[in-house]
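Just so it is clear: chains get the letters A, B, ... in the order the sequence lines come, proteins before strands, and each one is counted from 1.
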2 protein chains.
Amino acid sequence: MTVADDIRAKGMRMTVQRRLVLDALRRARHHITAEEIARSIRASYPQIDPSTVYRNLEALERLGYVTHTHLDDRVTRWRRADSPQHGHLVCRRCGSEEEISMSVLAPLAKRLKGEHGFSADLAHSAVVGLCRECAG
Amino acid sequence: MTVADDIRAKGMRMTVQRRLVLDALRRARHHITAEEIARSIRASYPQIDPSTVYRNLEALERLGYVTHTHLDDRVTRWRRADSPQHGHLVCRRCGSEEEISMSVLAPLAKRLKGEHGFSADLAHSAVVGLCRECAG
DNA sequence: AAGACTATCGCAACTTACCGCAATAGTGTC
DNA sequence: GACACTATTGCGGTAAGTTGCGATAGTCTT
């Protein structure tokens with residue numbers, strides 16, 4: 001079952017725009033912002049509206065093809081859902097980002113599940129704080 | 001040393017506007033958005049511009065009087081720095097919010113400090129996921 | 001208390017992210 | 001392949017938040 005077939009099977013349509021968003025995410029190595037995706041698509045296809053990119057990211061997220069993460073405070077970053085999950089440590093002073101294994105976060109997830117019945121998505125938001133250098 | 005003295009000692013000024021922002025945060029029971037603060041101030045002092053509120057929140061945060069938290073994906077919530085810290089669990093489906101003790105998050109903070117030298121501020125961002133009801 | 005210095009303010013323009021709507025164009029059916 | 005159905009698009013608009021700038025007003029010095 002191709003992505004296109006899966007999308008159609010769910011009553012949605014595989015449009016040029018949707019394909020371009022998917023491809024942009026495929027090309028991106030790491031997390032990428034909606035604005036970057038829009039810019040890279042519009043470099044070749046200027047008639048494609050940024051709002052279309054936003055809506056397609058949301059649609060593809062509902063289908064489970066992409067997910068988003070909040071690295072710093074305001075920008076939403078997107079990535080393909082099939083790329084390996086990891087956590088993020090972001091320094092609030094110098095802005096440095098470090099990726100960490102989900103196994104570091106797993107004990108907390110387990111505890112939240114056990115004590116609160118809460119299924120945490122700990123890859124969704126970065127952990128903010130001070131890195132080794134900035135903490136001094 | 002009063003707040004005003006402390007602010008002056010740091011080369012900043014205690015203005016009417018800054019005092020109003022501080023008071024609004026003092027009145028607020030829980031986390032409050034900048035927009036709510038601006039609205040409550042402007043109800044009595046309509047000549048005070050929202051941008052002034054935003055800039056004062058940032059200034060007061062630099063001084064350590066207030067901090068901000070990201071509960072859901074988009075809005076920034078503010079609170080006085082001396083109010084008790086706690087973590088948040090936010091359900092991405094129904095939007096419910098649950099406050100949890102920092103002690104639940106402490107083991108992770110300790111591990112991030114030990115393994116990565118990272119001083120995590122785990123009250124800064126809510127943990128997103130699915131609550132007991134929505135997870136089924 | 002007057003004056004100088006400059007942090008802060010209010011305003012307006014701007015940016016980013018996201019809707020509402022009419023027009024367009026994928027899809028399944030015949 | 002033509003057609004009807006409707007998901008999706010591009011456009012214009014909106015709301016929240018941010019920034020540049022000239023004017024204002026705390027604060028310190030004398």
Side-chain angles (χ1 to χ4, degrees), chain A residues 1-24 31-63 65-66 68-78, chain B residues 1-24 31-63 65-66 68-78:
Chain A
M1 175 103 98
T2 67
V3 175
D5 286 341
D6 184 39
I7 285 178
R8 274 188 285 268
K10 284 167 175 154
M12 295 172 64
R13 295 169 185 175
M14 179 48 84
T15 62
V16 175
Q17 293 82 346
R18 191 156 288 166
R19 164 71 59 201
L20 286 168
V21 170
L22 232 24
D23 287 348
H31 304 262
I32 183 173
T33 67
E35 201 252 328
E36 287 167 345
I37 295 171
R39 188 145 25 88
S40 87
I41 291 178
R42 282 162 66 81
S44 309
Y45 307 88
Q47 67 273 37
I48 290 178
D49 197 81
S51 70
T52 299
V53 174
Y54 286 106
R55 282 186 283 215
N56 270 310
L57 286 169
E58 286 167 20
L60 291 168
E61 183 169 51
R62 280 194 300 276
L63 290 180
Y65 282 110
V66 310
H68 73 268
T69 303
H70 297 276
L71 273 197
D72 47 42
D73 284 357
R74 54 188 66 120
V75 200
T76 304
R77 314 274 197 118
W78 300 81
Chain B
M1 175 104 95
T2 68
V3 175
D5 286 341
D6 186 37
I7 285 178
R8 275 189 283 270
K10 284 167 176 154
M12 295 172 65
R13 295 169 184 173
M14 178 49 84
T15 61
V16 174
Q17 293 82 348
R18 192 156 288 164
R19 164 73 56 201
L20 286 168
V21 170
L22 232 25
D23 287 346
H31 304 261
I32 184 173
T33 67
E35 201 252 329
E36 287 166 344
I37 296 171
R39 187 145 26 86
S40 88
I41 291 179
R42 282 161 65 80
S44 309
Y45 307 87
Q47 68 273 37
I48 290 179
D49 197 79
S51 70
T52 299
V53 174
Y54 286 107
R55 282 187 280 217
N56 270 310
L57 286 168
E58 286 166 19
L60 292 168
E61 182 168 50
R62 280 194 300 276
L63 291 180
Y65 282 110
V66 309
H68 72 268
T69 303
H70 298 276
L71 272 197
D72 46 45
D73 283 357
R74 190 146 295 286
V75 201
T76 303
R77 313 274 197 119
W78 299 82

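Considering only heavy atoms from C-beta on, A/L57 stays 4.5 Å or farther from A/E61 through its side chain. Within the 4.5 Å cutoff, side-chain heavy atoms of A/T76 are placed close to those of A/H70.
Distance, A/R8 CZ to D/dT6 C1': 16 Å, rounded to whole Å. For A/R39 and C/dA17, the CZ to P distance is 11 Å, given to the nearest whole Å. Between B/I7 atom CD1 and D/dC28 atom C1' there is a gap of 17 Å when expressed in whole angstrom units. The CE atom of B/M12 sits 15 Å away from the C1' atom of D/dA25 (whole-angstrom rounding). The nearest whole Å value for the distance from the CZ atom in B/R19 to the P atom in D/dG26 is 13 Å. For the pair B/N56 CG and C/dT8 P, the computed distance is 8 Å after rounding to whole Å. Protein atom CD of A/E61 is 11 Å distant from nucleotide atom P of C/dC18, rounded to whole Å. As rounded to whole Å, 15 Å separates atom C1' of C/dT16 from atom CD1 of A/I37.
Annotation for A/L22 and A/L60: closest pair CD1-CD1, 3.7 Å, computed over non-hydrogen atoms. Residue A/Y54 comes nearest to A/A34 through the heavy atom pair CE2-CB, 3.5 Å, listed as atom of the first residue, atom of the second, then distance. Of all heavy-atom pairs between B/R18 and B/R13, the closest is NH1-O, 2.9 Å.
Recorded end-axis angle for the helix from C/dA1-D/dT30 to C/dC30-D/dG1 stands at 30°, based on five pairs per end and rounded to 10 degrees.
Distances shorter than 4.0 Å separate some side-chain N or O of A/T52 from OP1 or OP2 on D/dG10. An OP1 or OP2 oxygen of C/dG26 is reached within less than 4.0 angstrom by no side-chain nitrogen or oxygen of A/Q17. Residue B/Y54 has a polar side-chain atom (N or O) positioned under 4.0 Å from OP1 or OP2 of D/dG17.
One can find a donor-acceptor pair under 3.5 Å joining the base of C/dG20 and the side-chain atoms of A/R55. Not a single donor-acceptor pair, N or O on each side, falls under 3.5 Å between the base of C/dC9 and the side chain of B/T15.
When each of B/D6, B/D5, B/T2, B/V3 is checked for a side-chain contact (heavy atoms from CB on, under 4.5 Å) with B/M14, only B/V3 meets the rule.
Ranked by how close their nearest DNA chain D nucleotide is to the 5' end, B/M14 and B/D49 are led by B/D49. Checking B/S51 against A/W78, the closest nucleotide of DNA chain C that is more toward the 5' end is the one next to B/S51. When each of B/R13 and A/R18 is assigned the nucleotide of DNA chain D with its nearest heavy atom, A/R18 is the one assigned upstream, toward the 5' end.
With values rounded to the nearest 0.5 angstrom, B/I37 atom CD1 is found 12.5 Å from B/I48 atom CD1.
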